[in-house]
Amino acid sequence: MRVTRRGILLGAGATGGLILAWALTPRSFPPPLSAAEGEVAFDAWLKIGRDGVVTVAVPELEMGQGITTLIPQIVAQELGADWRQVAVEPAPVSGAYANAPLAARWSALWLPLLSGLADEPDDLLARRFAEGEPFTATADGTSLIAHEAAARAAAASARAMLAQAAADRWGVAWEECDAVDGHIVHAKRRLPFAQLVEEAAGFDPPDPPVLRPRPPGENPAEVLPGASLRFPRLDLPAKVDGSFNFAGDVRLPDMVYAAIRHGPIGDTRLGGYDTGQTRGVQGLLKLVNGPSWLAAVATDWWAAERALTLIAPRFAAQDRAGTAACEQALEEALRRGRASRIAESGDPDAWLSEKFEHVAHYRVAPALHATLETATATARLTDGKLELWVATQAPQAARRAAAAALDIAVENVVLYPMPAGGSFDRRLEHDHVAEVAVIARQVGKPVQLIWSRWQEHVAGVPRTPARSVLAARTASDGTLVALKVRIAAPASFHEFGERLLEGKTPHAGRHAQLQGDAMTVEGAVPAYAIPHLVVEHVPAVIPLPTARMHGNAHGYTCFMVETFIDELAARARREPLSYRIAMLGHDVRLANCLQRAATLAEWNGGTAGSGQGLACHQMTVAGRTGRIALVAAARQDERGIRVDKLTAVADIGRVVNADIARQQIEGGLLFALGLARGSSTAYADGLPLTGRLGMLNLPQLADCPEIEVDFIAGDDDPFDPAELAVAVAAPAIANALFAAGSTRLRTLPLLAGSA
C-alpha cells in the first residue's frame with residue numbers, strides 16, 4: 001500500500017482530496033477533519049496549529065471511560081508532543097474511523113450466515129463492512145483495539161514530516177532528528193512544532209510510517225490512585241469546574257424544549273387526550289403526536305412536562321409486558337424449549353446423560369441502565385438539512401434513525417457528537433433521536449428533547465431477564481469432571497441488532513428472540529479445564545424488549561458459573577481458592593491473579609463466618625484476553641447488602657494509562673454492585689413498577705466499599721478492563737455473603753430471592 005503526502009495530509013483550507021484508510025487494502029474517504037485558520041490537518045487523526053496546539057480527533061463516545069485521554073495520549077507519545085498543548089475534539093462519522101474489530105465481533109448482525117455461531121469473519125471482510133457502513137460504534141471495550149495502530153501511524157507520519165522540515169533548515173538528515181515535548185531536536189538545536197507545521201505540509205511522509213519502539217505500559221505501582229503523573233485526564237478540569245458540556249447543555253438561538261410521554265411496553269398506540277387542562281400552563285407552544293408517544297413543546301422544559309402531566313394521555317396497548325408473563329415464558333423455555341448448542345468439549349452427551357451430583361437453578365431479573373443523564377437530544381431542521389446534538393455510541397445508526405423518521409437522505413443529517421453522562425450501552429439505542437427529529441419538523445424551531453426519569457424507565461430497554469440450570473458430574477474427590485450450562489433467555493443480541501442496523505422499533509423484533517444467540521450466553525464457558533462441557537442457549541419469546549448493557553451476558557453468566565463453582569468446592573469440603581487453581585494449570589496467568597488477590601485481601605479460606613468470597617473471570621475480544629480475580633468482604637444487615645472491601649487483580653496486558661485503568665475497574669465494580677443490590681424492576685400492565693432512581697437500591701457514597709486494585713505486569717496488547725470488573729463483582733459478593741452466614745443466593749439482584 002503506497003501512502004502519498006496527499007493521501008495522508010490535508011493542509012489548512014484544503015477543500016478536496018481523499019485520505020487513505022490504514023487497512024489491509026487501500027480505501028479512500030472524504031477528509032473527515034476540517035482545519036481551521038492557522039491549522040494543518042494530518043490524516044484523519046490530528047491537527048497542528050501555528051500556536052503549537054496538537055488537536056486529536058476521537059471517534060469514540062466519551063462516557064466516563066477516558067477514551068478522550070487514551071487516544072490523545074497514544075498520539076502524543078508517538079508524535080513527541082507536549083501534553084500541555086494537546087487538545088481533543090470529537091471526530092465526525094467517517095469510514096476512516098471504522099471499528100473493524102467490533103464489526104467482526106458483531107458479525108452475526110450483518111452476516112446472517114454466522115448467526116448463532118461464535119465464529120468471526122476474516123479481518124478484510126469485517127473491515128470492508130465497517131468502512132462502508134460506516135461502523136464507528138463504541139462498545140465491548142474495543143476502542144484501543146480498533147484505533148491504536150491507526151492513531152500511531154498518523155502521529156508517526158506527522159512527526160516525520162515535521163522532522164523533514166527542521167532537517168531542511170539545518171541541512172541534516174531528518175532521520176537524525178527526534179521529537180520531544182513539542183519540539184524537533186537535533187544535537188543542541190530545537191524548533192517548536194508551531195514554527196514548522198506549515199513547512200511540514202510540503203513534505204512526503206515515509207512509506208510505511210516509521211514508528212517509535214512501542215512505549216512500555218505505565219507501571220501502576222508508580223501512579224497513585226487518582227493522580228496520573230504523566231498524562232492526567234484532559235476532561236478532568238472541565239468536569240470539576242462544571243464547564244464540561246453534555247447534550248443537555250446545548251443552547252441554540254430561538255430554541256424550545258420538549259417533554260414526552262410513551263405508551264406502556266407492548267403493541268401500543270396513542271389514544272385520546274384532553275388539551276383543555278393545559279390552558280393555565282405558561283409557555284406551552286405545541287403538542288406533537290407520535291405513533292406511540294405524545295410530546296409537549298414549551299419555552300422551558302418544566303412547562304412542557306407539567307402540560308403532559310395535566311393532559312394524562314391515554315394509550316391503547318395489546319400484549320403489555322408483565323413480570324409474570326416473562327417468568328412463565330422463561331421457565332417454560334428452560335424446561336421444554338429447544339436448545340442451540342453454543343459450545344462443547346469432550347464427550348458431554350455421554351457424561352451428562354447420567355445422574356448429576358449437583359444441580360442449581362438461577363434467575364436473573366431485567367436490569368435498568370440507570371444512567372445519571374436521561375435520554376437527551378437537540379435538533380434543528382433547516383432547508384431539508386437536520387442537525388443533531390446527541391450522545392451516541394453508534395453515530396451512523398443515530399443518523400439513519402433520524403433520516404428515516406423524516407424520510408430524508410442520511411447525507412442530510414449532520415451529527416455533532418456530545419459526551420454522555422453515563423451510558424452502560426444505553427446510548428446504543430436511538431429512539432429519542434427519531435423523536436426529536438419529528439418534533440423539530442413539527443415545531444419549525446430548534447428543539448431540545450429531554451426524557452424524564454420516569455420515561456427513561458418506561459421506554460428505556462432493559463438487559464434481558466434469564467433463567468438457567470447448571471448441572472455437574474464430579475469425581476470422588478469433588479473435582480469437576482463434566483458441566484452443563486443451560487440458559488433460557490431471549491436472543492437479545494439479535495433483537496438489538498435489528499434495531500441497530502435495520503431501524504426496527506423496540507417492539508418489532510420479537511421474532512429475533514427465537515434464534516440461538518451465542519452473545520446472549522457469552523461468558524458461560526468457564527476459564528477452567530473441564531474435561532466435558534456443554535453450553536446451551538434456549539431462545540425464549542417474552543413480552544419485553546431487551547438490550548445491551550455494560551458487562552452484557554458476562555454480568556450474569558459469570559455470576560452463575562462462579563457461584564456454582566463455590567458450591568462444588570463446599571460440597572467437596574475443599575477451600576474455594578485451591579479448588580479453582582487446581583483447574584487452572586493451563587492458565588497460569590489467571591491463577592496468578594487469584595493468588596495475588598488472595599494475598600492482598602488476606603484471604604482466610606472463605607471459612608464460615610469470614611464474610612470473604614472470591615471469583616475470577618476471563619474475556620477474549622478480537623484475539624486479546626483479559627483476566628481478573630476479585631475477593632469481596634461482605635455481610636448482610638438490616639440495611640441489606642453491605643460490602644466492606646473489594647480487592648481486584650487484573651491482567652490486561654500493557655497498561656496505557658494506569659490511572660484510567662484503575663478508574664475503569666473501580667467504576668465497573670461499583671456498577672456491578674448496583675446490579676447485585678438492585679438496578680431492576682418488575683413490570684405490570686406494560687409499565688415498570690420502579691419509577692425513580694432512588695428506588696433502584698443503587699449504592700450511595702456511604703455504601704461504597706474500600707477498593708484495592710492491582711495489575712499483573714505484561715507487555716501484551718492492552719485489554720479494556722471495565723467489562724471484566726462488571727462480571728466478577730456479583731459472584732464474589734454472593735460467595736462472601738454465604739461465608740458470612742447467608743443462604744446460597746442464586747438470583748440477580750441477590751436479595752430478590754434465594755434457593
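Counting from 1, the numbers follow the sequence of the chain as shown. Keep in mind the model is a prediction, meaning the values are calculated, not measured.
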Problem - Donor-acceptor contact below 3.5 Å, side chain E357 vs main chain T474 - result: yes
Problem - Basic-acidic side-chain contact under 4.0 Å: R677, D703 - result: yes
Problem - Pair E708 + K645: basic N to acidic O under 4.0 Å - result: yes
Practice task
Say whether, by atom type as modelled, one donor and one acceptor occur between the side chain of E62 and the main chain of I67 under 3.5 angstrom.
Solution key: yes
Handout entry: Ionic contact status for R548 with D140, cut-off 4.0 Å
Key = yes
Practice task
Inspect the contact between R363 and E327 and indicate whether a charged nitrogen and a carboxylate oxygen are less than 4.0 angstrom apart.
Solution key: yes
Exercise for the section: Test ring-ring contact (aromatic ring centres under 6.0 Å, His included) on F424 and H369 and set out the steps. Expected result: CA-CA 6 Å; F424 318 120; H369 297 81; 7.7 Å; no
Problem - Donor-acceptor contact below 3.5 Å, side chain E344 vs main chain V535 - result: no
Problem - Donor on one side chain, acceptor on other, D477 and T479, under 3.5 Å - result: yes
Handout entry: R473 (side chain) donor-acceptor with W351 (main chain) under 3.5 angstrom
Key = yes
Practice task
Keeping the roles fixed (side chain from E723, backbone from G551), state whether a donor-acceptor pair exists under 3.5 Å.
Solution key: yes
Completion exercise
Separation between CG (L594) and CD1 (I628), nearest 0.5 Å, reads 10.5 Å
Exercise for the section: Flag the pair R635 and D637 as a salt bridge only when some basic side-chain nitrogen lies within less than 4.0 angstrom of an acidic carboxylate oxygen. Expected result: yes
Practice task
Verify the distance criterion only: is there a donor paired with an acceptor across the side chains of T136 and N99 at less than 3.5 Å?
Solution key: no
Handout entry: Cationic N near anionic O, under 4.0 Å, R571 to E567
Key = no
Problem - Salt-bridge contact E148-R152 (side-chain N to carboxylate O under 4.0 Å) - result: no
Fill in the blank from the handout: So CG of D347 and CG of L352: to nearest 0.5 Å the spacing works out to 9.0 Å
Practice task
Step by step, work out the ring-ring contact (aromatic ring centres under 6.0 Å, His included) result for Y528 and H586.
Solution key: CA-CA 8 Å; Y528 309 110; H586 65 293; 8.2 Å; no
Fill in the blank from the handout: So CD1 of I641 and OG of S742: to nearest 0.5 Å the spacing works out to 8.5 Å
Problem - Stepwise salt bridge (Lys or Arg N to Asp or Glu O under 4.0 Å) check, D349 with R341 - result: CA-CA 12 Å; D349 292 326; R341 185 164 288 192; 3.0 Å; yes
Exercise for the section: Using modelled atom types only, decide if a donor and an acceptor are shared between the side chain of T142 and the backbone of A139 within a distance under 3.5 Å. Expected result: yes
Practice task
Report yes or no: do N735 and E562 form a side-chain donor-acceptor pair below 3.5 Å?
Solution key: no
Practice task
For the residue pair E575 and S578, confirm or rule out a side-chain donor-acceptor distance under 3.5 Å.
Solution key: yes
Handout entry: Within 45° cone and under 6.0 Å: R624 NZ/CZ vs F719 ring
Key = no
Exercise for the section: Could you tell me whether a side-chain N or O of R654 sits under 3.5 Å from a main-chain N or O of D715, the two making a donor and an acceptor? Expected result: no
Handout entry: Sidechain-backbone polar pair: H537 side chain, I342 backbone, donor-acceptor under 3.5 Å
Key = no
Exercise for the section: Test side-chain hydrogen bond (donor to acceptor under 3.5 Å, both in side chains) on T546 and E495 and set out the steps. Expected result: CA-CA 7 Å; T546 60; E495 179 190 346; 2.8 Å; yes
Handout entry: L334 backbone acceptor or donor facing R486 side chain under 3.5 Å
Key = yes
Handout entry: Exam field: side chain R746 to backbone H361, donor-acceptor pair closer than 3.5 Å
Key = no
Exercise for the section: Consider only side-chain N and O atoms of D425 and Q393, and report whether a donor and an acceptor are under 3.5 Å apart. Expected result: yes
Handout entry: D566/R580 ion pair, N-O < 4.0 Å
Key = yes
Exercise for the section: List the steps, then state whether ring-ring contact (aromatic ring centres under 6.0 Å, His included) holds for W106 with F496. Expected result: CA-CA 11 Å; W106 289 3; F496 152 76; 5.4 Å; yes
Handout entry: Pairing of R589 and D716 as salt bridge, 4.0 angstrom limit
Key = yes
Exercise for the section: Quick one: sort the F564 and H358 rings into parallel, tilted or perpendicular, breaks at 30° and 60°. Expected result: parallel
Exercise for the section: Classify the side-chain pair E536/S340 by whether it contains a donor and acceptor separated by less than 3.5 Å. Expected result: no
Problem - Salt bridge present between R105 and E522 (N-O < 4.0 angstrom) - result: yes
Practice task
State, without any angle test, whether T625 and T620 hold a side-chain donor-acceptor pair at a distance under 3.5 Å.
Solution key: yes
Problem - Check against side-chain hydrogen bond (donor to acceptor under 3.5 Å, both in side chains), R233 and Q663 - result: CA-CA 11 Å; R233 287 183 65 139; Q663 291 167 14; 2.9 Å; yes
Problem - W603 side chain to Q595 side chain, donor-acceptor N/O pair below 3.5 angstrom - result: no
Handout entry: Distance (rounded to the nearest 0.5 Å) between T563 OG1 and L745 CG
Key = 9.0 Å
Handout entry: Any side-chain donor near an acceptor of the partner, H147 and E60, under 3.5 Å
Key = yes
